[in-house]
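First the structure, in the form of structure tokens, and then the observations on it.
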Amino acid sequence: MYKQIGVLTGGGDAPGLNAAIRAVVRTAIGEFGMKVVGIEDSFEGILGETHTRKLNTAAVSGILPRGGTILGTRNRGSFVKMVDGKPTFVEMPIGEALANLDILGIEALVAIGGEGTLAIAEQFHKRGFPVIGVPKTIDNDLAATELTFGFMTAIDIATEALDRLHTTAASHDRVMVLEVMGRNTGWIALHAGLAGSADVILIPEIPFSFDSIIRKVQAREESGSKFTNIVVAEGAIELGKREMYQDEKNMRLGGVGAYVSERIQEMTGKESRCVVLGHLQRGGSPNAFDRMLGTNFGACAVRALANGESGKMVALQAGTVVTVPISEACANVKKVAVDGQLVRTARDIGISFAAPKESKLGEEEMFEVRTSGS
Ligand code: F6P
């Protein structure tokens, strides 16, 4: 059994990180009698002049409902650099990190993060250092797990935003466009669009056409609804084009909401406004589900370490937390199935995905499915 383990958070923050940290600490101390060291600012905390802190039960008291991460986080840090617009392991200061872990008396690691963090964690495992990954992302785009914590809170926030946009859209007879996060997947847009009663949902998996959007806006006008609510995923793609970036060099998506809004105004003459929800989807308190999932993931990660596992990630499969190899977990991006149940349900209740040949309720739509990239 390890005497002392480390825990860190990497990548973009997600509601539920503190729940996971708290569960790691309480499980390690209470169940296995280990000590826990919190590594600050992701893997950066074990490079150079290390910055870590002892985590006991008192140190994690009261953090369950808190947003962000008490340990701090870094998006790429020293292990990954952008080369030709792609995040790449140019220099791997793993040797230095491993030497520092030894000096700090940390014998194993729980790494909480997205693909980037997990890929770095796997390098530690490959060099014989025990590590278990905990997935987090509001995007819910990791293939190996049915859900990641942060996602449900992001949907709550996006749904509330849609509810609020609804009343102002209806009052002004406007088209309101809400741009939500999700990278190259439409999970947040699809779920919030359903929960927040959007009229049109634009997701990367179903390239959209403006003619189709306009048909929907006009059909609503003719039926007496003078306003339209549209939710657009930041990675949504106009048919024949590619995703839009606010910062292409660093691959930061954004801008499609404003583009859609402006084009609709030009094409229909109706007033249109765009709201970019941005980091409001990530900040603040996690909802009950994300607190629960973060807690379960954290505890299961420590149990896996205590069980002698390494190079694995905890994952939710069929409602139960299991462990899967990190390499498998990061291999594929989980995309919205264009013929899946939720898309079908959305269509059945009259929501348009603005596919080029938008159809009547229940009929098949024709669209091109983007299979590469992301
Ligand atoms: O992966 C989480 C996420 O919030 C994405 O939805 C979004 O594209 C990206 O991170 C934003 O990153 P940053 O915090 O660097 O702006």
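Counting starts at 1 for both ligands and their atoms, following the listed order. Values below: all heavy atoms of this structure, side chains included; hydrogens, waters and symmetry mates excluded. Note that the numbering runs from 1 along the sequence shown for the chain.
Thr9 pairs with exactly one of Leu17, Ile70, Ile39, Asn18 by the side-chain contact (heavy atoms from CB on, under 4.5 Å) rule, that one being Leu17.
Classified by interplanar angle (parallel below 30°, tilted 30° to 60°, perpendicular above 60°), the ring pair Phe210/Phe208 is perpendicular.
Residue pairs meeting the salt bridge (Lys or Arg N to Asp or Glu O under 4.0 Å) criterion with at least one member in residues 174-200, sequence neighbours excluded: Glu115-Arg183, Asp139-Arg183, Asp141-Arg183, Arg174-Glu271, Asp199-Arg220.
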Ile351 vs Val200, side chain to side chain contact (heavy atoms under 4.5 Å, CB included): CA-CA, chis, key distance, verdict = CA-CA 6 Å; Ile351 295 173; Val200 179; 5.9 Å; no

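Between Ile203 and Ile201, the shortest heavy-atom contact is CG2-CG2, 3.8 Å.
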For ligand 1, find each of its N or O atoms that sits under 3.5 Å from a protein N or O atom, and tabulate the pairs with distances to one decimal place.
from     : atom 1 : to     : atom 2 : distance (Å)
ligand 1 : 1 (O)  : Asp139 : OD2    : 2.6
ligand 1 : 4 (O)  : Arg282 : NH1    : 2.9
ligand 1 : 6 (O)  : Asp139 : OD1    : 2.6
ligand 1 : 6 (O)  : Gly182 : N      : 3.2
ligand 1 : 6 (O)  : Glu234 : OE2    : 3.4
ligand 1 : 8 (O)  : Glu234 : OE1    : 3.4
ligand 1 : 8 (O)  : Glu234 : OE2    : 2.6
ligand 1 : 10 (O) : Arg282 : NH1    : 3.1
ligand 1 : 14 (O) : His279 : NE2    : 2.9
ligand 1 : 14 (O) : Arg282 : NH1    : 2.9
ligand 1 : 14 (O) : Arg282 : NH2    : 3.1
ligand 1 : 15 (O) : Asn75  : ND2    : 3.0
ligand 1 : 16 (O) : His279 : NE2    : 3.1

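Aromatic ring centres of Phe289 and Phe151 lie farther apart than the 6.0 Å criterion allows.
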